[in-house]
Amino acid sequence: MTTLTEGPHAGGFLVWEVARDYTRETVVLASGAGKIDPGTVLGRIATGGKFVPLAPAASNGSQNAAGILWGKADATDADAAAVAVLRGPALVNRHELVWPAGATEPQIAAATAALAALGILLR
């Protein structure tokens, strides 16, 4: 018998938000970011303002948490429009978030604080 694995759902990480038209916004994911799952913590590249998955070791702005991707997106070969939660008040399930591979506890704590500064609280 084949085992099926269900992936993350769009917005599955979200517990509560004040108003979807306030907390969410359409963003541009930078080409080369790859296939990105819902709940991925995003960083914003300072030059150009495009978003990519959080990269704690970077120095181009993407090392700072700037939002959370709402649904699946594919920016493998070209820039892609996507919806992200960029501001609160909002509560998210921290266990549903996608962090970079190898992210350390201090890096996750810094990203958590950056999201809290945006009004996005992890529980």
Side-chain angles (χ1 to χ4, degrees):
M1 179 178 213
T2 303
T3 301
L4 301 177
T5 303
E6 188 171 356
H9 293 271
F13 61 90
L14 189 63
V15 175
W16 175 85
E17 65 186 328
V18 68
R20 69 177 180 195
D21 293 331
Y22 179 74
T23 60
R24 301 180 211 168
E25 195 171 311
T26 300
V27 300
V28 176
L29 299 173
S31 177
K35 294 182 180 182
I36 310 171
D37 285 327
T40 297
V41 179
L42 301 173
R44 183 185 307 200
I45 299 171
T47 304
K50 295 178 183 175
F51 288 78
V52 294
L54 183 69
S59 60
N60 63 356
S62 64
Q63 73 273 17
N64 303 314
I68 303 170
L69 186 66
W70 176 257
K72 285 187 182 219
D74 186 355
T76 303
D77 299 322
D79 289 352
V83 174
V85 176
L86 297 183
R87 68 188 65 82
L91 296 175
V92 300
N93 181 342
R94 64 184 176 91
H95 301 292
E96 298 285 331
L97 296 183
V98 179
W99 297 99
T104 65
E105 285 302 317
Q107 291 168 336
I108 292 173
T112 299
L115 290 172
L118 298 172
I120 303 169
L121 304 178
L122 280 57
R123 297 285 185 244

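Because only heavy atoms are used, hydrogens play no part in the values below, and waters and symmetry mates are left out as well, while side chains stay in.
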Grab the two heavy atoms, one from [X] and one from [Y], that are nearest each other, plus how far apart they are.
{"X": "T26", "Y": "A81", "value": "CG2-CB, 4.2 Å"}
{"X": "G11", "Y": "P38", "value": "N-CB, 4.4 Å"}
{"X": "V83", "Y": "R24", "value": "CG1-CB, 3.9 Å"}
{"X": "V15", "Y": "N93", "value": "CG2-N, 3.7 Å"}
{"X": "S62", "Y": "V52", "value": "CB-CG2, 3.5 Å"}
{"X": "K35", "Y": "D74", "value": "CE-OD2, 3.5 Å"}

Exercise. Report yes or no: does D79 contribute a side-chain atom to a donor-acceptor pair with the main-chain N or O of A30 at less than 3.5 Å?
Key: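 Not at all, since once roles are kept as given, no pair shorter than 3.5 Å links the two residues.
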Quiz item: Just by distance, do the side chain of E96 and the backbone of R94 share a donor-acceptor pair under 3.5 Å?
Solution: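 No; judged by distance alone, with no hydrogens or angles, the pair does not exist.
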Path from [X] to [Y] over hydrophobic side-chain contacts below 4.5 Å:
{"X": "F51", "Y": "V85", "result": "no"}
{"X": "L91", "Y": "V98", "result": "no"}
{"X": "W70", "Y": "V92", "result": "yes"}
{"X": "L86", "Y": "L69", "result": "yes"}
{"X": "L54", "Y": "L97", "result": "yes"}

Quiz item: Under 4.5 Å between any side-chain heavy atoms of V41 and P53, yes or no?
Solution: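 Sidechains of P53 and V41: no contact.
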Quiz item: Just wondering, do I68 and T40 contact through their side chains at under 4.5 Å, heavy atoms?
Solution: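 The answer is no, as the side chains (C-beta and beyond) never meet within the 4.5 Å cut-off.
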Quiz prompt | side chain to side chain contact (heavy atoms under 4.5 Å, CB included) partners of A80, counting only residues at least two apart | solution =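 For A80 the side chain to side chain contact (heavy atoms under 4.5 Å, CB included) partners, ignoring immediate neighbours, are A75.
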Practice problem: Not counting sequence neighbours, which residues clear side chain to side chain contact (heavy atoms under 4.5 Å, CB included) with A46? List them please. | Solution: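 Counting only residues at least two positions away or on another chain, A46 forms no side chain to side chain contact (heavy atoms under 4.5 Å, CB included).
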Practice problem: Evaluate whether atom CZ of R87 has more than 12 neighbouring non-hydrogen atoms of other residues, nucleotides or ligands under 6.0 angstrom away. | Solution: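 Yes, because the 6.0 Å sphere around CZ of R87 holds more than 12 heavy atoms from other groups.
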Name each donor-acceptor pair under 3.5 Å that joins a side chain in residues 105-123 to protein atoms two or more places apart or in another chain, with its distance.
unit_1: Q107; atom_1: OE1; unit_2: T104; atom_2: N; d: 2.9
unit_1: Q107; atom_1: OE1; unit_2: T104; atom_2: OG1; d: 3.3
unit_1: T112; atom_1: OG1; unit_2: I108; atom_2: O; d: 2.8

Quiz item: To the nearest 0.5 Å, what is the distance between NE2 (H9) and NZ (K72)?
Solution: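 One finds 9.5 Å between NE2 of H9 and NZ of K72.
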